[in-house]
Amino acid sequence: MDNESTVIGSELPVLQTKGAYKYLKEITGNGAYYQVAWQKLADGYVALYGTTPVQIRSLPTLNDTFEDEEG
């Protein structure tokens, strides 16, 4: 179980039920998996995983140059 500060710091949603998501022990060894949420249990929180890649809309490119780094 993870503690509350770990959960809050992760910025992932906290769910009351796991729904279609899986616990790590259910998918270990099955290939790619992604932590998508936390489930709140009576004695703490447990990580939930999905197998569908999470889509990230926009990331800065490595070619971005900052003014103070130009030389």
Side-chain angles (χ1 to χ4, degrees):
M1 297 286 166
D2 285 285
N3 65 36
E4 189 170 2
S5 61
T6 300
V7 172
I8 293 170
S10 75
E11 299 183 3
L12 292 172
V14 175
L15 307 177
Q16 297 302 311
T17 61
K18 72 176 221 168
Y21 299 128
K22 304 287 184 186
Y23 297 125
L24 184 61
K25 66 183 178 186
E26 295 176 303
I27 59 174
T28 299
N30 292 344
Y33 44 88
Y34 306 86
Q35 185 175 352
V36 294
W38 297 97
Q39 182 182 1
K40 184 173 175 55
L41 301 177
D43 58 349
Y45 298 86
V46 63
L48 298 176
Y49 295 85
T51 55
T52 303
V54 176
Q55 297 298 318
I56 299 175
R57 290 192 176 97
S58 175
L59 287 176
T61 66
L62 295 176
N63 295 331
D64 287 345
T65 303
F66 297 95
E67 286 186 31
D68 61 343
E69 294 180 354
E70 291 180 4

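Sequence positions, counted from 1, serve as the residue numbers for this chain.
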Listed pairs under 3.5 Å, donor-acceptor, residues 10-19 side chains, sequence neighbours left out:
from, atom 1, to, atom 2, distance (Å)
S10, OG, V7, O, 2.8
S10, OG, L12, N, 3.3
S10, OG, W38, NE1, 2.7
K18, NZ, E26, OE1, 2.6
K18, NZ, E26, OE2, 3.0

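Residue I27 shares its hydrophobic cluster (ILVMFWY side chains chained together at separations under 4.5 Å) with L24, Y33, Y49.
L41 is not connected to I8 by any chain of hydrophobic side-chain contacts under 4.5 Å among Ile, Leu, Val, Met, Phe, Trp and Tyr, and they are in different clusters.
For the atom pair K22 NZ and L48 CG, the distance stands at 11.0 Å (nearest 0.5 Å).
Applying the side-chain hydrogen bond (donor to acceptor under 3.5 Å, both in side chains) test to T28 and every residue at least two apart in sequence or in another chain returns nothing. Taking the ring-ring contact (aromatic ring centres under 6.0 Å, His included) definition, one finds that Y21 meets it with nothing, sequence neighbours left out.
Minimum interatomic distance between Q39 and Y23 (heavy atoms only, all atoms of both residues): OE1-OH, 2.6 Å.
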